Amino acid sequence: MKPTETRAARRRLDREIARLAVPAFLALVAEPLFLLGDSAVVGHLGTAELAGLGIAGTVLTTIVGLCVFLAYGTTAGVARQLGAGRPGAALAQGVDGLWLAVAIGLPVTVATALLSPGLVALFGASAPVAEQATTYLRIAAGGITPLLLVLATTGVLRGLQDTRTPLVVAVAGNLANLVLNVVLVHGTGPLPRLEIAGSAWGSVIAQVAMALALVTVVLRAARREGASLRPDLPGVRAAARAGVPLLVRTLTLRASLLVTTYAVVLAADSAANTGSGGGGDAVPIATHQLAMTLWAFLAFVLDAIAIAAQAITGRHLGAGDVAATRSVTQRMLAWGVASGVVTGVLLAAASPWLGALFTPDDDVRRALVPVLLVAAAAQPVAGVVFVLDGVLIGAGDGRYLAWAGLVVLGGYAPVVLLTSAAGATLPWLWVVFAVLFMGGRLVTLLRRAAGDAWLVTGAEAVR
């Protein structure tokens, strides 16, 4: 291929990646705004209400987060069918994913509503806080099935190479949620003042509306292609089997983050007991929370490229085009590295001032700077990790990702806990996080990507 043709091919590929990644990034950013809108309204009711919302929100985000495989697995399967020139089969597989979301969502909704007092009690909150959390959680559980449908339909649309529709629905849903929260929490006109219960009802109504909008889009497309809308039990079971490895992968990631936080708490307690904490045990814990919040926000940039990788990889492998898959993987890796370098440089440059946006505590502000510098240095590695994760998810290589996640967790957890027990400070714990956790993921993903085992072609090759 001539250099001019190569440059033109790269530009076309860059445009395709940007077309999928930019709306995906904006939709990802919109997701945490849902709970943020609730917090902004409920926060004016009082501290107990805000704390209760925090506990209930943690339960809900954990439940929904564990079901992210509904989006990832559906994206891979639908994209493969689309690449194979079978749009009807693609949408039929997508409908199976929707029925799986309902099959999971309904019992989880009932269980969460019934068990809400016990789930809240696990956090050991005071009686006033627990009462507020239980009230919110019992009502907000009604939004679990709609949220799982949002995940599944978003996965279908991504597989169909459409990331704009989920963005439009996410923005509209956030605006509706904010308006409903204000109206129902404080009461307007003939409507009574429902306080924290009004926030929960507002969220549920907005979530139901979002699910209805996205389900309508998918079902209309399925009808156009002649795909059945009825539940196909073998198809639903196949979707569930494909989702199990991705669920294990997600559990290993969340477990690694929990272990990191636990290690920080242990180190903070030890420092406070020996009098070397320089501000007590609250400073390193608060600093770690802020650093993780910023890390998660920057992850949206990299995850958007991973979403594009899922959709494009699945489509090319479905079409049987291994060369194109390799080519697009290399290009998206370049995007990942470049994005990681940019986010890393920006994070490092802003590190002396970011703390002031979140806290007036000078000890936390000072402690945050070295931690953010470590996080900034790890951003290029994170860029590669996110992209390759997306590529292998798009290839349907969930089983390998699950085993790799278990291996990384098994190697990382004891080391970070031992490092904490040895009295390491917070920046050193973040070094361990960057080197062993992110580095471990990098090694396992590069090893897989270098081989050919994941390059399984055809519409039915998702494992």
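Since we're looking at a predicted model, the values are computed, not measured.
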Backbone of Ala170 reached by a side-chain donor or acceptor of Asn174 within 3.5 Å
yes
Report the distance from atom CG of Leu247 to atom OH of Tyr72, rounding to the nearest 0.5 Å.
13.0 Å
Check for a donor-acceptor pair, side chain of Thr75 on one end and backbone N or O of Ala71 on the other, with a separation under 3.5 Å.
yes
Under 3.5 Å, is there a donor-acceptor pair between the side chain of Thr134 and the main chain of Glu131?
no
Counting N and O atoms only, with roles assigned by atom type, does the side chain of Arg80 sit under 3.5 Å from a partner on the main chain of Ala395, one being a donor and the other an acceptor?
yes
Less than 4.5 Å apart, any side-chain heavy atom of Leu148 and any of Leu151?
yes
Is there a side-chain contact between Met292 and Thr261 in this structure, where contact means two heavy atoms from C-beta onward sitting under 4.5 Å apart?
no
Report yes if the side chains of Val301 and Phe386 come closer than 4.5 Å at any heavy-atom pair, otherwise no.
no
Using a 6.0 Å cut-off, check whether atom CH2 of Trp201 has over 12 heavy atoms from anything other than its own residue.
no
Taking atom CZ of Arg254 as the centre, report whether more than 12 heavy atoms of other residues, nucleotides or ligands fall under 6.0 Å from it.
yes
Taking C-beta and beyond as the side chain, do Leu347 and Leu354 meet within less than 4.5 Å on heavy atoms?
yes
Within a strict 4.5 Å, meaning less than it, do heavy atoms of the Gln379 and Leu302 side chains meet?
yes
Less than 4.5 Å apart, any side-chain heavy atom of Val156 and any of Leu98?
yes
Exercise: identify the closest heavy-atom pair between Pro245 and Arg399
CB-N, 3.6 Å
Main chain of Ala375, side chain of Trp430: is a donor-acceptor contact present, judged purely on distance under 3.5 Å?
no
Please, which pairs that meet ring-ring contact (aromatic ring centres under 6.0 Å, His included) have at least one residue in residues 394-424, sequence neighbours excluded?
Tyr412-Phe437
Side-chain (Thr252) to main-chain (Arg249) donor-acceptor, under 3.5 angstrom:
yes
Would the distance check show the side chain of Ser420 and the main-chain N or O of Ala267 forming a donor-acceptor pair, the cut-off being under 3.5 Å?
yes
Do any N or O atoms from the side chain of Trp99 and from the backbone of Asp232 form a donor-acceptor pair under 3.5 angstrom?
no
Using the rule side chain to side chain contact (heavy atoms under 4.5 Å, CB included), only one of Leu20, Thr74, Asp389, Ile393 pairs with Gln310; which is it?
Ile393
Quick check: are there more than 12 heavy atoms from other residues, nucleotides or ligands sitting under 6.0 Å from CH2 of Trp335?
yes
Does a side-chain heavy-atom distance below 4.5 Å link Val265 with His288?
no
